[in-house]
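Quick caveat: nothing in here was measured; it's all calculated off a predicted structure. In what follows, chains are A, B, ... by sequence order, proteins preceding strands, each numbered from 1. Computation of the quantities below employed the complete heavy-atom set of this structure, encompassing side-chain atoms and omitting hydrogens, waters and symmetry-equivalent molecules.
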Amino acid sequence: MFVPCERGGGSASSDLKGFTLLMPAVSVGNVGQLAIDLVISTLDMTKVGYFYTDCLVPMVGNNPYATAEENSMELSINAEVYSLPSKKLVVLQIRSPFIKNKYRPFCQTLLSWVKSSKCARVVVLSSSHAYQRDDEQLLGTPLRYLLTPDLEKAVGGLMQELNWKEMEKVAAYPGINDTEKVLHIPGGGITKLLFTESCSKGIQMAVLLKFCSEGDNIPDAFALVNYLNEWLQLIKSESNNSTDTSQWKIPSSWRLLFGNGLPPALF
Amino acid sequence: MATFFGEVVVAPSRAGVDDEEEAREETPEDREIRRELEKKRQIDILWTLKSGATTESCADEPFACSKFIVAIGRNAAAFLSSFILDSVCWEVVGVVKLWNEWCRTSSTTNVLPTDSFCLFYRLISDPTVLVCQCSCYVAEDQQFQWLEKVFGCMRKEDLQVTILSTCPVADYKTQESTLTLPSPFLKALKTKEFKEQVCCPLLEQPNIVRDLPAA
């Protein structure tokens with residue numbers, strides 16, 4: 001599935017042992033994917049390969065993180081891997097939805113690749129439908145986290161210090177039996193599947209998600225990436241304000257998200 | 001989700017995974033139905049050998065190919081029919097048989113311009129030059145299969161692939177209005193291995209290409 005790029009680094013650039021894998025779930029508002037775009041763009045990460053998969057709708061375009069004429073002509077496809085060895089960070093970006101009935105095979109292949117490349121842990125950025133919150137969830141922060149038992153042992157304490165809120169479980173049969181609780185992430189795409197599979201396979205995985213609705217999800221992406229930064233400290237944040245957006249670099253592909261310019265004849 | 005007018009609608013989730021789909025476990029009947037559906041959506045490529053007989057496999061070994069031009073969509077296929085293909089210099093060497101909700105192609109090579117078809121032609125004077133005219137729609141779940149089966153039959157060393165396609169102008173993202181765009185409006189994407197001169201400007205961000213041309 002993973003095809004490395006032929007760069008000068010060769011095998012060195014695709015040695016991911018001990019790295020943190022950061023990836024999005026294709027979810028409501030595409031918030032995880034937007035947040036990943038910000039990470040790749042701000043940290044100026046290098047592409048080290050892509051996934052050759054039949055599970056995602058095909059798409060291709062020119063480099064979405066282009067900053068100048070020289071670097072704008074590299075082709076980019078639907079599932080690519082970028083790395084920043086100085087921070088032991090590897091990032092997967094997914095740019096198109098899953099083909100029907102293919103999300104399960106994709107999860108299986110992805111988690112096998114995680115195990116075989118010996119990544120230390122996986123962080124999934126995701127989102128969930130805001131309208132499905134219960135009364136208590138409507139108050140306070142819209143950001144939540146989840147940790148697999150293996151990662152809980154390592155960083156559970158840190159989450160307490162950061163005063164983060166764990167994603168609540170909901171009743172399996174609401175109104176009938178409120179004692180049996182299950183994890184439910186509506187609108188989260190493959191988030192729940194990845195999380196439950198990682199729990200059973202002993203993979204260290206964290207999920208960071210935000211409650212949101214479809215619309216202009218750029219502010220949601222900033223909130224999620226700042227939330228991530230509280231933990232991983234990818235960039236230096238001058239203020240502790242989670243709405244601070246100035247340190248993140250918006251990629252050139254975010255232009256014209258809401259349509260073209262207006263025809264002058266309209267006026 | 002409540003809309004402006006107050007009615008409640010279920011918006012399709014970008015997540016692409018419906019909750020009902022997740023919750024349901026597959027029964028043996030479901031699996032059988034799914035397998036039958038998959039068989040129906042399989043793509044078959046019938047190649048015409050030198051002897052005139054057709055074969056489903058690509059013979060014992062992949063054939064040599066130096067240039068492969070693929071025209072995807074009715075407009076691109078019509079372009080090839082009007083300006084390139086004729087019965088004197090080109091011969092039909094293959095046909096793709098497929099079915100999906102949008103179209104069905106047959107194994108006949110005698111097609112009308114209004115039919116849905118996917119045919120392969122070879123230049124008689126240089127048999128390593130191959131052209132594919134694909135006017136049918138290849139569905140999302142069939143695109144990868146198409147790709148593997150077609151490219152699996154040709155040797156890829158020194159192969160130059162050119163893909164011709166069209167997209168609606170309404171999909172083009174630009175700062176100015178699309179009414180002022182020059183005609184014909186051509187854009188290109190190329191891999192870094194393509195060293196020749198491109199005849200038109202490259203497709204700028206944030207525009208993308210999808211479906212079979214992207215695959």
B:Gln145 portion near chain A, given a 4.5 angstrom heavy-atom threshold: neither

Between A:Asn62 and B:Leu203, the two heavy atoms sitting closest are ND2-O, 2.7 Å

Gap between atom CE of A:Met73 and atom NZ of B:Lys190 - 0.5 Å precision: 5.5 Å

Verify the neighbour count for atom CZ of B:Arg41: are there more than 12 heavy atoms of other residues, nucleotides or ligands below 6.0 Å? yes

Just give me the residue among A:Thr191, A:Asn63, A:Ile77 that pairs up with chain B most often, heavy atom to heavy atom, under 4.5 Å. A:Asn63

Please flag which part of B:Lys192 lies under 4.5 Å from any non-hydrogen atom of chain A: side chain, backbone, both or neither. neither

Separation of A:Lys100 NZ from B:Arg34 CZ (nearest 0.5 Å): 11.0 Å

Around atom CG of B:Asp158, are there more than 12 heavy atoms of other residues, nucleotides or ligands at under 6.0 Å? no

Pair count under 4.5 Å, heavy atoms only, with chain A: among B:Val209, B:Ile208, B:Thr191, B:Asn207, highest is B:Val209

Within residues 128-144 of chain B, contacts to chain A at heavy-atom distances under 4.5 Å involve B:Glu140, B:Asp141, B:Gln143, B:Phe144

Measuring heavy-atom distances to chain A, does B:Leu212 have an atom under 4.5 Å in its side chain, in its backbone, in both, or in neither? neither

Quick one: what part of A:Thr53 sits under 4.5 Å from any heavy atom of chain B, side chain, backbone, both or neither? backbone

Tell me whether A:Glu69 at atom CD has more than 12 heavy atoms from other residues, nucleotides or ligands lying less than 6.0 Å away. no

Counting only heavy atoms not in B:Lys156, do more than 12 fall under 6.0 Å of its NZ? yes

Chain B: which of A:Ser252, A:Ser72, A:Ser213, A:Ser127 shares the most heavy-atom pairs with it under 4.5 Å? A:Ser72

A:Leu75 CG to B:Glu193 CD distance, which is reported to the nearest 0.5 Å: 9.0 Å

Quick one: list whatever passes salt bridge (Lys or Arg N to Asp or Glu O under 4.0 Å) with A:Asp220, sequence neighbours left out. A:Lys210

